[in-house]
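For reference, the structure is listed below as structure tokens.
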Protein chains: 2
Amino acid sequence: MTEKVVIIGGGAAGPKTAAKLRRERADLQIDLYTQEDIISYSACGLPYFIENIIQNPETLIIRTPEDFQEKNINIHTKQRCLKINTVTKSVLMEDLVSHNIYEVAYGILVIATGAKPDIPDIEGIHLKNIFTLRTIDDGIRIKQKMQKSKKAVLVGGGYISIELMEALVSNNIQVTLIEKNSQILKVFDEDFAQMITDYIIGKTPGQVSILTNEKIKFFVGNEDGEVTKVVLVSGKEIETDFVVLGTGVRPNTDIVEGTNIKLGIKNSIKVDNTLRTSVHGIYAVGDCTDNFNLVTNSRTWVPMGSTANKEGRCAAINIAGGSCFFDGILNSTITKYFDYTISIIGISYKEALEFGFQPVFAIVSKRDKAGYMPNNESMTLKLIVDKNTHTILGLQGIGEGDVNKRINTVISAILSKTKLESFMNLDLPYSPPYSPAIDPVLNAAQIIYQKING
Amino acid sequence: MTEKVVIIGGGAAGPKTAAKLRRERADLQIDLYTQEDIISYSACGLPYFIENIIQNPETLIIRTPEDFQEKNINIHTKQRCLKINTVTKSVLMEDLVSHNIYEVAYGILVIATGAKPDIPDIEGIHLKNIFTLRTIDDGIRIKQKMQKSKKAVLVGGGYISIELMEALVSNNIQVTLIEKNSQILKVFDEDFAQMITDYIIGKTPGQVSILTNEKIKFFVGNEDGEVTKVVLVSGKEIETDFVVLGTGVRPNTDIVEGTNIKLGIKNSIKVDNTLRTSVHGIYAVGDCTDNFNLVTNSRTWVPMGSTANKEGRCAAINIAGGSCFFDGILNSTITKYFDYTISIIGISYKEALEFGFQPVFAIVSKRDKAGYMPNNESMTLKLIVDKNTHTILGLQGIGEGDVNKRINTVISAILSKTKLESFMNLDLPYSPPYSPAIDPVLNAAQIIYQKING
């Protein structure tokens, strides 16, 4: 009998698993179930759809259900998984249109249920025009509301709020960001978070307010049940036409509860480096799984679209009978505010201290190209090295210059635990339109070398 | 008595050594001698001065003699070194103004004499308006001639000719490039050299001709001794207003001949990874030294401004009593033709075969950002992996997309001999304005993985 592979989840990881598995194995039956009516789309592109850099939301769709059907992959939209039974090897499903409940047997099960917004328990949170942004429908709703609005409040100072701030400011919306901690972008060190804040305020003066150390007390609505005001614990009141909650996400793993599938950090599904869960024949991929941090050698949970794609691909190879290892992540993230790149890989200085390293850092502010080239731009890098092992722990980079190149220059060195002494003389290709003769990231390494060696 | 450090050469490596040495040690006497009247300039910027992206050639000067004098470094311009006497520890110098000959004693000697153009022995080679491009004076002469010209011939299809082609075409010069081999840019594989050629012709149609497999028979001059025509062995004749020879360079090491300082490949000075020559107390840095290729584990000679700077810095640390190792290079180079980047690191497929590797390659042509972002650009990458060790041997990249980022992503992986299996799941930071969810360079790695594992 043909082995039947059932995949639950239609975001990035599930469809990637299905597509790769079909390329590897023509013989398997593959069934993918999703609650939504579309699958396989890039949620990371939604801020740019709202900004109107992308006009048609359908361009975010990578593959349609029809594309999958053509490849003999059965796509079941608007179907919700209620429960997994690992003893009978079946899942309990609900048809969201007819509300029929039915059982589906699996040979191999792939859980790709992703993450869901972490909604804070605040009075008025269910008022109209308080949004989260995960799906294309969310994006369409926010964009439609934005086009009739003048003021917005973003709750939470993470990446999504920075991206939405660009989108909203570009559409002449007055934006207030509310962050409960003392800094936005908590993965960064405080000095960098402050520089980023200063840049945003300076780049779009009068258009954005960033309020840190502020908590929301309650939301006020009008008679139509629409949000009109945000009241803070400090007593401040902010009038607004709509609110987007960027208060974080958590693993969408309710269906795993009550099974013998082991959960890890923040209730994400524990997987090994082959994407197998603790139960034989069940894999998990994407935002619902935990991750291994290769710098700290510890389990973590960092939901990322790029990781979801790699895990889906890797799991498919293993399901097909091949051998693929997904060893872990480096907490790599990047975003931008207009032309200003904001990126971090590895761990910050404060995290390095928390994890018991002996971090030494260097901050360099340099031009990204030879200083005499007319189009050179500035950037600031913070490189962190462990004094004990001389290995690189992390890099933070910000600026209008080519930060991304410097970030990527360091990644393999972190992965391979290259010594500072080798890294600082790394033979980067040089030409005046691309970098100074000694690249700023090597300058930073050289400064740390001097610090360590007196 | 204060130890006296004598540095011969004023390009990139000599001044870098002097400046770093002074920062490390206030007590040493430092004397730098150069034939030219300026020192410490970026020769790599000269094509952009000719193009007129840079108007003032003085902006290419990193530090003036006065900057050095202020730091108590004695700069002696227009002084030529004739001979080194390693027994008496002195150098024989000629004052190029007075033509006085005199001796200078040294405690430590640093040879930083760079490279010089390799002038082919062709009839008419000494006609007026046949130039080479190494110094700022060369740049000024070529620019002045260009401004009164309509047609130019570039001899040799290396990086400098590509950069000059952009400069000349931008100034409405009709350019013919003559290359004796079957392809331009011989460090690239033939397929990439052909794609580059096709791009150049397509980008600036009717403005450039690229003639491969063509040798120059002789140059024809007019009664004023100015070049007017280039006659090829094939019989072709090309009328021209001027010629620039990009026929390569060789180590400028005449002063070493007859000494016991060991020479290596192409008569470059053999140095160890501390930049010491075979003679105690004598260092060599920059384009006059040989290099160690970390991919092939063999000596090579690749003159690069970035290497010169790193070697100068490293030698200075060692002269000062510290410890710095310059382990080697990866043959990293980059240039551009307008918005089209041309870059290679490590070794090509053909070189890999020559060196006895079992190379497997993948070529991917992809967009550099998420396909739905409006400003995405194309690029083509060729990744080469050794089938025996699963380590990366090299990467070639071309295109209007962000090739440089992908090149730099791979460099540390080559240095550290990271296995393909680890590299292909590398946690690169992802966001739609920066890359697709799985970066093209990882796609290439995945394809090779499939090729190797059947």
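First the proteins, then the strands, lettered A, B, ... as listed; each starts at 1.
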Notebook entry, point to check: Which bit of B/E311 is near chain A, if near means a heavy-atom gap under 4.5 Å: side chain, backbone, both or neither?
Noted result: neither

Item checked: Contact class of A/R313 relative to chain B, heavy atoms under 4.5 angstrom -> side chain

Check: chain A: which of B/G322, B/A308, B/P432 shares the most heavy-atom pairs with it under 4.5 Å?
Finding: B/P432

Notebook entry, point to check: Using non-hydrogen atoms only, which part of A/E51 is less than 4.5 Å away from chain B: side chain, backbone, both, or neither?
Noted result: neither

Check: Does the side chain of A/N408 pick up a donor-acceptor pair with the side chain of B/N408 at under 3.5 Å?
Finding: no

Notebook entry, point to check: Under a 4.5 Å heavy-atom cutoff, which of B/K419, B/Q450, B/M304 has the most pairs with chain A?
Noted result: B/Q450

Notebook entry, point to check: When you check the side-chain N and O atoms of A/T341 and B/Y434, is any donor under 3.5 Å from an acceptor?
Noted result: yes

Next item on the list: Specify which of A/S412, A/A437, A/G371 makes the most heavy-atom pairs with chain B at under 4.5 Å.
Entry: A/S412

Check: Non-hydrogen atoms of chain B under 4.5 Å away: do they reach the side chain of A/T418, the backbone, both or neither?
Finding: side chain

Margin query: For A/I329, which atoms come within 4.5 Å of any heavy atom of chain B: side chain, backbone, both, or neither?
Written below: both

Notebook entry, point to check: So which of A/L426, A/T333, A/L442 has the largest heavy-atom pair count under 4.5 angstrom toward chain B?
Noted result: A/L426

Check: So which part of A/K16 gets closer than 4.5 Å to some heavy atom of chain B, the side chain, the backbone, both or neither?
Finding: side chain

Check: Any sub-3.5 Å donor-acceptor pair from A/T289's side-chain atoms to A/V285's backbone N or O?
Finding: no

Check: Is there a donor-acceptor pair under 3.5 Å between the side chain of A/N331 and the backbone N or O of A/I345?
Finding: no

Margin query: Looking at every non-hydrogen atom in both residues, tell me the closest pair between B/I398 and B/I342 and how far apart they are.
Written below: CG2-CA, 4.2 Å

Check: So, the side chain of B/E166 versus the backbone of B/F338: is there a donor-acceptor pair under 3.5 Å, distance only?
Finding: yes

Next item on the list: For B/K310 and A/M424, indicate whether the former's side chain and the latter's backbone hold a donor-acceptor pair under 3.5 Å.
Entry: no

Check: Taking A/P429, A/S306, A/S416 one by one, which has the highest count of heavy-atom pairs under 4.5 Å against chain B?
Finding: A/P429

Checklist line | Check: A/A320 main-chain N/O paired with A/R25 side-chain donor or acceptor under 3.5 Å | finding: yes

Next item on the list: Identify which part of A/I438 has an atom lying under 4.5 Å from any heavy atom of chain B, answering side chain, backbone, both or neither.
Entry: side chain

Check: For B/I344, is it the side chain, the backbone, both, or neither that has a heavy atom closer than 4.5 Å to a heavy atom of chain A?
Finding: neither

Note to self: For A/S343, which atoms come within 4.5 Å of any heavy atom of chain B: side chain, backbone, both, or neither?
What the structure shows: side chain

Checklist line | Donor on one side chain, acceptor on other, A/N404 and B/K405, under 3.5 Å | finding: yes

Next item on the list: Go through the atoms of B/A413 and report whether side chain, backbone, both or neither lie under 4.5 Å from a heavy atom of chain A.
Entry: both

Item checked: A/N425 side chain to A/S422 backbone, donor-acceptor under 3.5 Å -> no

Next item on the list: Please flag which part of B/Q55 lies under 4.5 Å from any non-hydrogen atom of chain A: side chain, backbone, both or neither.
Entry: neither

Next item on the list: Name the region of A/T59, side chain, backbone, both or neither, that has any atom closer than 4.5 Å to a heavy atom of chain B.
Entry: both

Check: Do you know which of B/S323, B/C314, B/G305 has the most heavy-atom pairs with chain A at a distance under 4.5 angstrom?
Finding: B/S323

Checklist line | Residue part contacting chain A, namely of B/I54, when any heavy atom lies under 4.5 Å | finding: side chain

Item checked: Closest heavy-atom pair and its distance - A/P47, A/C44 -> CD-O, 3.4 Å

Next item on the list: Below 4.5 Å from any heavy atom of chain B, which atoms of A/N309 appear? Answer side chain, backbone, both or neither.
Entry: both

Notebook entry, point to check: Given a strict heavy-atom distance threshold of 4.5 Å, which part of A/L428 is in contact with chain B: side chain, backbone, both, or neither?
Noted result: both

Item checked: Part of B/Y449 lying under 4.5 Å from any heavy atom of chain A -> side chain

Notebook entry, point to check: For A/N375, is it the side chain, the backbone, both or neither that has a heavy atom under 4.5 Å from a heavy atom of chain B?
Noted result: neither

Notebook entry, point to check: Does any heavy atom of chain B fall under 4.5 Å from the side chain of A/I414, the backbone, both, or neither of them?
Noted result: neither

Margin query: I'd like to know whether A/M379 forms a side-chain contact (heavy atoms from CB on, under 4.5 Å) with A/R406, so could you lay out the CA-CA distance, the side-chain angles of the two residues, the decisive distance to 0.1 Å, and finally the verdict.
Written below: CA-CA 10 Å; A/M379 62 181 184; A/R406 278 68 193 200; 3.4 Å; yes

Next item on the list: Measure B/F326 against the heavy atoms of chain A and call it side chain, backbone, both or neither at under 4.5 Å.
Entry: both

Checklist line | Closest approach of A/F423 to A/T409 (non-hydrogen atoms, all atoms of both residues) | finding: CE1-O, 3.9 Å

Note to self: Using modelled atom types and a 3.5 Å cut-off, is there a donor and acceptor pairing between side-chain atoms of B/N318 and backbone atoms of B/C324?
What the structure shows: yes

Next item on the list: Just give me the residue among B/P374, B/A370, B/P433 that pairs up with chain A most often, heavy atom to heavy atom, under 4.5 Å.
Entry: B/P433

Item checked: Any donor-acceptor N/O pair, B/T335 side chain to B/Y159 backbone, under 3.5 Å -> no

